[in-house]
Number of protein chains: 2
Amino acid sequence: MRKNVSGCSVEEAMHLLGGRWRLLLVSYLVDGPKRFNELRRDVPGISQRMLTLDLRALEEAGLVLRTVYPTVPVKVEYALTEDGKRLKYVVAVIQEFGLWLKQRDAA
Amino acid sequence: MRKNVSGCSVEEAMHLLGGRWRLLLVSYLVDGPKRFNELRRDVPGISQRMLTLDLRALEEAGLVLRTVYPTVPVKVEYALTEDGKRLKYVVAVIQEFGLWLKQRDAA
DNA sequence: CAGAATCCTTATCGATACTG
DNA sequence: CAGTATCGATAAGGATTCTG
C-alpha cells in the first residue's frame, strides 16, 4: 500500500481498507471465522497471493486474528478481532451503497 | 481504475470509491459546493491531475455536479448531487473509523 | 481560473510454480 | 492445507509544461 499518508482520518482509513479485496474479505468474516481455503473458494476471483497478503495486512492492523491449529494437515482460521468488529458497520454501509449503485445503474 | 468487477456490491462500491482521493474529495464536498482551486488548496497533497481525474469520475458516476459559470475568468463549482449525498453517511462512517484508528495507534 | 497533455514512477494485482 | 517465491502486467498516482 501507499506510504506516508497525510494523517487525515478518511485517508488513514482508506489507506488500510482501500485495496481491492480488504473490505470484501472483512465482509466474509463478519459471519464468523473462516479457514484459508474457505475464503479462497468463497471470495470470487481472489488469488491465493492476495488472500495471503491482505489477510496479513489486516492481521498486522489488529483487525483480524489468525489462529493455527497444529493438526495434520494444519488448519488456519481467520476471525475478526474486537477491533475488527468495528468494521461491521463500515462494511454494512459500503454494502448498502454498492447495492443501491448497482440497482441504479441496472435501471 | 480496474475493469471487470465481479458484481459484488462491496467490490462495486470500492471500485468507484477505493482510490486514494475520491472519498476524501467527497468529504470536502459534504459541507457545500467548492471551486476547483479551493479543493486544490484544501485537500492536502492532491495534485491538479488527480483532482481533475477524480472529480470527473465522480461526475460521470452522477455523484458530483460540475457547474461552469461563464465569467472571466471562469469559475467552476463542484457539488454533490442528490445521489452523491448518499455518500455523506459512508464518509461519516469511514471518518469515524479512521479517527478511532488514529487514536488507537497513537496510544 | 481551471484545466489538458505528456512523461514517468510506484503500487497493486495476477499467474505460475514450488513447499513444510 | 495453507501457504512462499518469483515474475510480469496493469493501474494509480506524481511532476512538469502548456493553454483557452
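All chains are named by letter (A, B, ...) in the order of the sequence lines, taking the proteins before the strands, and each is independently numbered beginning at 1.
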Extract all donor-acceptor atom pairs below 3.5 Å that involve side chains of residues 97-107 of chain A and protein atoms in other chains or at least two apart in sequence.
| unit_1 | atom_1 | unit_2 | atom_2 | d |
| --- | --- | --- | --- | --- |
| A/K102 | NZ | B/G7 | O | 2.5 |
| A/R104 | NH1 | B/A61 | O | 3.0 |
| A/R104 | NH1 | B/D83 | OD2 | 3.0 |
| A/R104 | NH2 | B/A61 | O | 2.8 |

Handout entry: side-chain contact (heavy atoms from CB on, under 4.5 Å) partner of B/L80, chosen from B/L58, B/L29, B/D31, B/L63
Key =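 Considering B/L58, B/L29, B/D31, B/L63, a side-chain contact (heavy atoms from CB on, under 4.5 Å) with B/L80 is found only for B/L29.
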Rounded to the Å, how far apart are [X] [atom1] and [N] [atom2]?
X: B/L25; N: D/dG13; atom1: CG; atom2: C1'; result: 13 Å
X: A/E77; N: D/dG3; atom1: CD; atom2: C1'; result: 17 Å
X: A/R40; N: D/dG3; atom1: CZ; atom2: P; result: 11 Å
X: B/D54; N: C/dA2; atom1: CG; atom2: C1'; result: 16 Å
X: A/N37; N: D/dG3; atom1: CG; atom2: C1'; result: 9 Å

Handout entry: Contact under 4.0 Å: B/R35 side-chain N or O vs C/dA2 OP1/OP2
Key =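 B/R35 to C/dA2 OP1/OP2: side-chain N or O found under 4.0 Å.
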Practice task
Using the test side-chain contact (heavy atoms from CB on, under 4.5 Å), find all partners of A/I46 that sit at least two apart in sequence or belong to another chain.
Solution key: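 For A/I46, the residues satisfying side-chain contact (heavy atoms from CB on, under 4.5 Å) (neighbours in sequence not counted) are A/W21, A/L25, A/V43, A/M50, A/L51.
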Handout entry: Residues that B/V72 engages under side-chain contact (heavy atoms from CB on, under 4.5 Å), provided they are two or more places apart
Key =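 Partners of B/V72 under the side-chain contact (heavy atoms from CB on, under 4.5 Å) test: none.
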Practice task
Check ring pair (Phe, Tyr, Trp, His ring centres under 6.0 Å) between B/F36 and all other residues, then give those that pass, not counting sequence neighbours.
Solution key: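 If we apply the ring pair (Phe, Tyr, Trp, His ring centres under 6.0 Å) test to B/F36, skipping adjacent residues, there are no hits.
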Handout entry: Nearest heavy atoms of B/L17 and A/M14, plus distance in Å
Key =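 That closest heavy-atom pairing would be O-CE, 3.5 Å.
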Handout entry: A/T81 versus A/V64, closest heavy-atom pair with distance
Key =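 For A/T81 and A/V64, the tightest heavy-atom pair comes out as CG2-C, 3.7 Å.
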Problem - Watson-Crick or G-U pairs under 3.5 Å in DNA chain C, rendered as dot-bracket with [ ] for crossing pairs and | for another strand - result: ||||||||||||||||||||
Exercise for the section: Select base, sugar-phosphate, or nothing to describe what B/Y78 touches, counting heavy atoms under 4.0 Å on all strands. Expected result: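 The residue B/Y78 makes sugar-phosphate contact but no base contact.
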Handout entry: Pairs involving residues 47-56 of chain B, ordered by first then second residue, that meet side-chain hydrogen bond (donor to acceptor under 3.5 Å, both in side chains) (sequence neighbours left out)
Key =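 As it turns out, the side-chain hydrogen bond (donor to acceptor under 3.5 Å, both in side chains) pairs with a partner in residues 47-56 of chain B, which skip direct neighbours, are B/R22-B/D54, B/R56-B/Y78.
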Handout entry: Pairs flagged by side-chain hydrogen bond (donor to acceptor under 3.5 Å, both in side chains) wherever residues 84-96 of chain A is involved - sequence neighbours left out
Key =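 side-chain hydrogen bond (donor to acceptor under 3.5 Å, both in side chains) check on residues 84-96 of chain A returns A/E82-A/K85, A/Y89-B/Y89.
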Handout entry: Positions of residues 55-66 of chain A (non-hydrogen atom under 4.0 Å from DNA chain D), listed by number
Key =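 Under 4.0 Å from DNA chain D: A/R56, A/R66.
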Handout entry: Residue pairs passing the salt bridge (Lys or Arg N to Asp or Glu O under 4.0 Å) test where at least one lies in residues 33-42 of chain A, sequence neighbours excluded
Key =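 Those involving residues 33-42 of chain A do not exist here.
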Using the 3.5 Å cut-off, write out each protein N or O paired with an N or O of nucleotides 14-20 of chain D and the distance between them.
| unit_1 | atom_1 | unit_2 | atom_2 | d |
| --- | --- | --- | --- | --- |
| D/dG14 | OP1 | B/R20 | NH1 | 3.2 |
| D/dG14 | OP2 | B/W21 | NE1 | 3.3 |
| D/dG14 | N7 | B/R49 | NE | 3.1 |
| D/dG14 | O6 | B/R49 | NE | 3.0 |

